[in-house]
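Note that these values count all heavy atoms, side chains included, but never hydrogens, waters or copies made by symmetry.
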Amino acid sequence: MSRSCDMCGKHTATGNKVSNSYNHTRRTWRPNLHKTRITIDGTTRTLCICTQCLRTITNKEGYEYIQKKVRVPRPAVEAK
């Protein structure tokens, strides 16, 4: 499973955790992703969507918003 949102492109961020004694250790922040099944142009696709995008879809614009925003993978070019 990819660690990026298929709609907005949010991905894993890295940085430092700073303790009380100001020690720095590396850490990561991962987006809260959920697999959802969505019908786009008559085809059902499974997308990994972060919770903020999921709220946007269900509460505001609906599935028309998805059709504009989802990054559809390009078809593979066949070698002749």
With a 3.5 Å cut-off and sequence neighbours excluded, list the donor-acceptor pairs that the side chains of residues 11-22 form with protein atoms.
unit_1: H11; atom_1: ND1; unit_2: G9; atom_2: O; d: 3.3
unit_1: N16; atom_1: OD1; unit_2: R26; atom_2: NH1; d: 3.4
unit_1: S19; atom_1: OG; unit_2: S21; atom_2: N; d: 3.4
unit_1: S19; atom_1: OG; unit_2: S21; atom_2: OG; d: 3.2
unit_1: S19; atom_1: OG; unit_2: N23; atom_2: N; d: 3.1
unit_1: S21; atom_1: OG; unit_2: N23; atom_2: ND2; d: 3.1

>> Measuring from atom CZ of R3 to atom CG of L33, what distance do you get when rounded to the nearest 0.5 angstrom?
In response: 8.5 Å

>> Under the rule for side-chain contact (heavy atoms from CB on, under 4.5 Å), what residues qualify as partners of T44, not counting sequence neighbours?
In response: R37, T39

> Could you go step by step and tell me if C50 and N32 meet the side chain to side chain contact (heavy atoms under 4.5 Å, CB included) rule?
Replying inline: CA-CA 5 Å; C50 66; N32 189 3; 5.9 Å; no

> For C48 and K35, which heavy atoms make the closest approach, and how far apart are they?
Replying inline: SG-CG, 3.9 Å

> Closest heavy-atom contact between I49 and T36?
Replying inline: CD1-OG1, 3.5 Å

>> Just verifying a value: how many Å separate L54 CG and L47 CG, rounded to the nearest 0.5 Å?
In response: 11.0 Å

>> Would you say that C5 contacts C53 through its side chain, given a criterion of any heavy-atom pair below 4.5 Å between the two side chains?
In response: yes

> Would the number of heavy atoms belonging to other residues, nucleotides or ligands and lying under 6.0 Å from CZ of R30 be above 12?
Replying inline: no

